[in-house]
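As structure tokens, the structure follows; a few thoughts come after it.
Everything numeric here is computed off the predicted structure, so don't read it as measured data. Naming: A, B, ... by sequence-line order, numbering from 1 per chain.
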There are 2 protein chains.
Amino acid sequence: MPTPRGDAMSPQCPTRQLLDRIGTKWTSLIIKVLAENHPTETRFTDLRRAIPGISHKMLSATLHSLTADGLTTRRVEPTIPPKVHYSLTPLGLSLETPLAALRTWAETHMHEIDTHRRYTSP
Amino acid sequence: MPTPRGDAMSPQCPTRQLLDRIGTKWTSLIIKVLAENHPTETRFTDLRRAIPGISHKMLSATLHSLTADGLTTRRVEPTIPPKVHYSLTPLGLSLETPLAALRTWAETHMHEIDTHRRYTSP
DNA sequence: CTGTATCCTCCAAGATACTG
DNA sequence: CAGTATCTTGGAGGATACAG
């Protein structure tokens, strides 16, 4: 009986920290939209339109969180009313690659998970 | 001013569903340990040892959820006391690839996020 | 050894309303 | 247009105890 090779991995490991961020309800969607528009900036209202169901508050909060993390930039056009433009930083853009891989997996396989779940627990 | 290309993406998109699963506190860690031991099975207690801090209850709950999703298998050795062995299904193993990519990104770049966060909001 | 049940806490996130 | 403040709630997840 071989001993498991699984190393200790504390809840504070980098991956957990990352998932704590991109795992929040809207983060990955926002990054996706920004990546699709990249390198063009995207306005607050346009993000709202691109992400049906997101609340005003959560879009604002998530964008500020992303900006604090250095994943997005925020540019204010001091007009009246103001226009605020967001875009991915190089760091944010680099995250798109593994995120896209996850997206591809999800689009390919999520139905298998759903099917399995339905089959075993109706 | 170009129109954003961001398509509508409902909260029920495959990626959100996937993140709702692997984004839970312990799922990605469990998959990692199982992948490291693959194709050898891993026992409940060995998983507990490999994942410091996980509670009894959450390990059990998360494993059952993974099994219901078809990502892991559960094999009971009907001894007294019983031994329960878990391993990744082919589906679960296929998820390891994009997950590993995310892990690599996290290990490479999370410190930049932390640094940025500290720099801008101490 | 593995799993379940109970209780409790905390926080992500929605609704709503107000501001510059 | 964009952001903030307040209130509220559901559910994730911890502690603990018990069972087969």
Candidates D:dG20, D:dC1, C:dG3 - which lies nearest the side chain of B:His64
C:dG3

Can a donor-acceptor pair be found, under 3.5 Å and without considering hydrogens, that links the side chain of B:Ser87 to the backbone of B:Thr73?
no

Can you tell me how far [atom2] of [N] sits from [atom1] of [X], to the nearest Å?
X	N	atom1	atom2	answer
A:Leu59	C:dA15	CG	C1'	16 Å
A:Arg75	D:dC1	CZ	P	17 Å
A:Glu41	D:dC1	CD	P	18 Å
A:Ile54	D:dG3	CD1	P	12 Å
B:Met58	D:dT16	CE	P	17 Å
A:Leu19	D:dA12	CG	C1'	15 Å
A:Phe44	C:dG20	CZ	P	18 Å
A:His85	D:dG3	NE2	P	11 Å

Whether B:Asp114 and B:Arg117 form a salt bridge (side-chain N of Lys/Arg under 4.0 Å from carboxylate O of Asp/Glu) is what I want to check.
no

Basic-acidic side-chain contact under 4.0 Å: B:Arg103, B:Glu107
no

Check every strand shown and say whether B:Thr24 touches a base, only sugar-phosphate, or nothing at a heavy-atom separation below 4.0 Å.
sugar-phosphate

Under 4.0 Å between any heavy atoms, over every strand shown, what does B:Arg74 touch: base, sugar-phosphate, or nothing? Just pick one.
sugar-phosphate

Between B:Phe44 and B:Leu59, which heavy-atom pair has the shortest distance, and what is it?
O-CD2, 3.6 Å

Is any side-chain N or O of B:Thr79 closer than 4.0 Å to OP1 or OP2 of C:dC1?
no

Establish, with yes or no, whether the OP1 or OP2 oxygen of C:dC1 is under 4.0 angstrom from a side-chain nitrogen or oxygen of B:Tyr86.
no

Looking at A:Lys57 and C:dG14, is any side-chain donor or acceptor paired with a base atom of the opposite kind under 3.5 Å?
yes

Quiz question: going by heavy-atom distance under 3.5 Å, is there a donor-acceptor pair between the base of C:dG3 and the side chain of B:His56?
yes

Want to settle it: does B:Ser55 or B:Pro81 sit nearer the 5' end of DNA chain D, counting the closest nucleotide to each?
B:Ser55

Among side-chain atoms of A:Thr27 and A:Thr62, is any donor-acceptor pair under 3.5 angstrom?
no

